[in-house]
There are 2 protein chains.
Amino acid sequence: MPRVVKHPEVRRGELIAAARALFFEKGYEATSVDEIIGRAGISKGAFYYYFPAKEAVLEALAEQMAREAANETQALVADQTLNGFERLDLFLKHNRRLKVERAPEALALFEALFRPENIALYHHVFTRISRVLIPLVADILQRGMDDGSFLPGDADAMAEILLGLTTTTHDSVAALVGAPSEEAFQVAAAAFQRRWVAQGIVADRILGLPEGSIQFIEPGFAEAFFAGWRLKQAG
Amino acid sequence: MPRVVKHPEVRRGELIAAARALFFEKGYEATSVDEIIGRAGISKGAFYYYFPAKEAVLEALAEQMAREAANETQALVADQTLNGFERLDLFLKHNRRLKVERAPEALALFEALFRPENIALYHHVFTRISRVLIPLVADILQRGMDDGSFLPGDADAMAEILLGLTTTTHDSVAALVGAPSEEAFQVAAAAFQRRWVAQGIVADRILGLPEGSIQFIEPGFAEAFFAGWRLKQAG
DNA sequence: ACAGGACTGACCGTCAGTCAGTAAATGCCT
DNA sequence: AGGCATTTACTGACTGACGGTCAGTCCTGT
């Protein structure tokens, strides 16, 4: 094969992109290094020139996704004129809007991340995302505790817990994207919606807000998600 | 090798036991089927006579551990004379006592389950344990909501959330058992303790109990755990 | 011209899984 | 009770694929 030299950053990016596509498609374990290098158009040696092991690509990919998530959020926390609750509300509104606006990509992403064979991928990605988001959320909580919007407490630990809550929806989401039939999906979607409503109430109680203050998802999100899913099944 | 025939249940049990020891020792991925059959004193073919794939042993092991956890808990929920809070308190007391009494085994178990290479094992085990415990906890919560011990709400979803909370301590426990030095362990132990205290407060608020009502771990648990760890490091 | 960074591809050891066959247990007929 | 047939439990050599290595080659900037 002809030898093509590229800037290391470019090559690295291409390798991660190739891995990303394949990991999402077939899972981390089921993707071989040979497939990654085939897609990236590069030799085995070059792969191991950039990454010490297959798992390192997984780490790099998780890192990249965590950075993307952090970048989108960071700007929101900057606004100094808002109090704690307004800030949290903005943060949540932003996330809700993202979920709806990007429903197609989100569907694909979730379908990839929540498939049983992708637990390792899921865990890596969410651990890293949590790690970057915890300080941001902790900051929001701390200000809210200081200005009386929220009940006082250990802001860091509570940020960790609140974010942890969202990652424990794994099973309910997995049931959604793994639903084998429309009936199963309907059941899973109902459970999903119930779970998130309960989670909002739980968050309200943790922070000492009136019930209904915090909403993680739009009321009709499961259905909207469902529309995309049905489209995919049909196509 | 001479051929020894045993009752299928016995053989299956021996295979799971051998796998359990090896998975705990070196992790799921790092354990080969050859090692499992070597320890169990059986041939490759016999292994695949009992399990369709390596992963099936992992499932079976997770199943076994989930059943053990459920059996120990089930008896507690049976007592009809107690109200919701007393029942929950009993459940938590039982778990706290278990953690202390079985600190040595718990240490070994945790050290195995929370090592980074064992994420798959961890996830399988805890998903299955959650699945059997959720109905039990939901039952406790429902009775407590009915008799006014707890704030009303979706008992199933809240049971799921409360149990989910405990699994999101993964990182803080992983930091504990993966600590490379005594200093790192001390830091991790402090974070661990803080995290669990916050979690107790969170649970109080979710159920509408006065702060301090729920305690997941004994005040000195991290230190007790630490003693065992130091012993191991020294030995 | 040459040093060192970027890259190649044949090769290696290991591992999960297969399979054709075999020994022991069990049922069944006489 | 003893022979025969069927089923169950098991053996171990083998395969293909995979992650990772390495000796060496090409390319680019200085």
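The sequence lines fix the lettering, A, B, ..., with proteins before strands; numbering per chain opens at 1.
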Check: B:Arg3 side chain, D:dA9 base, donor-acceptor under 3.5 Å: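 Between D:dA9 and B:Arg3, which were checked side chain against base, a qualifying N/O pair under 3.5 Å is present.
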Exercise: identify the closest heavy-atom pair between B:Ala155 and B:Leu141: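 Scanning both residues completely, I find the closest heavy atoms to be O-CD1, 3.8 Å.
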In whole angstroms, how far is the [atom2] atom of [N] from the [atom1] atom of [X]?
{"X": "A:Ile36", "N": "D:dG20", "atom1": "CD1", "atom2": "C1'", "result": "13 Å"}
{"X": "B:His7", "N": "D:dT8", "atom1": "NE2", "atom2": "P", "result": "14 Å"}
{"X": "B:Arg12", "N": "D:dA9", "atom1": "CZ", "atom2": "C1'", "result": "15 Å"}
{"X": "A:Ile42", "N": "D:dC26", "atom1": "CD1", "atom2": "P", "result": "17 Å"}
{"X": "B:Ile37", "N": "C:dG17", "atom1": "CD1", "atom2": "C1'", "result": "11 Å"}
{"X": "B:Glu29", "N": "C:dA16", "atom1": "CD", "atom2": "C1'", "result": "12 Å"}
{"X": "A:Glu35", "N": "D:dC18", "atom1": "CD", "atom2": "P", "result": "7 Å"}
{"X": "A:Phe51", "N": "D:dG20", "atom1": "CZ", "atom2": "P", "result": "13 Å"}

Below 4.0 Å: OP1/OP2 of [N] and any side-chain N or O of [X]:
{"X": "A:Arg11", "N": "C:dA6", "result": "no"}
{"X": "A:Tyr48", "N": "D:dT21", "result": "no"}
{"X": "A:Tyr50", "N": "C:dA6", "result": "no"}

State which of [options] makes the closest approach to the side chain of [X].
{"X": "A:Ser43", "options": "C:dA6, C:dC15, C:dG9", "value": "C:dG9"}
{"X": "A:Lys54", "options": "D:dG19, C:dA16, C:dG9", "value": "D:dG19"}
{"X": "A:Lys44", "options": "C:dT8, C:dG17, C:dG9", "value": "C:dG9"}

Parallel, tilted or perpendicular, as decided by the 30° and 60° cut-offs, for the rings of A:His170 and B:His123: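 Judged by the thresholds at 30° and 60°, the geometry between B:His123 and A:His170 is perpendicular.
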From CZ (B:Phe192) to OG1 (B:Thr169), nearest 0.5 Å: 7.0 Å
Salt bridge present between A:Glu63 and A:Arg12 (N-O < 4.0 angstrom):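 Result for this pair is no, no salt bridge flagged.
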5'-most by nearest nucleotide on DNA chain C - B:Asp34 or B:Val5: B:Asp34
First encountered from the 5' end of DNA chain D, between A:Thr31 and B:Tyr49: B:Tyr49
Touch class at under 4.0 angstrom, heavy-atom based, for A:Pro8 against every strand present: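 Sugar-phosphate: the residue A:Pro8, judged by heavy atoms under 4.0 Å, touches backbone atoms but no base.
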Geometric cation-pi criterion B:Lys54 and B:Phe47, 6.0 Å radius, 45° cone: no
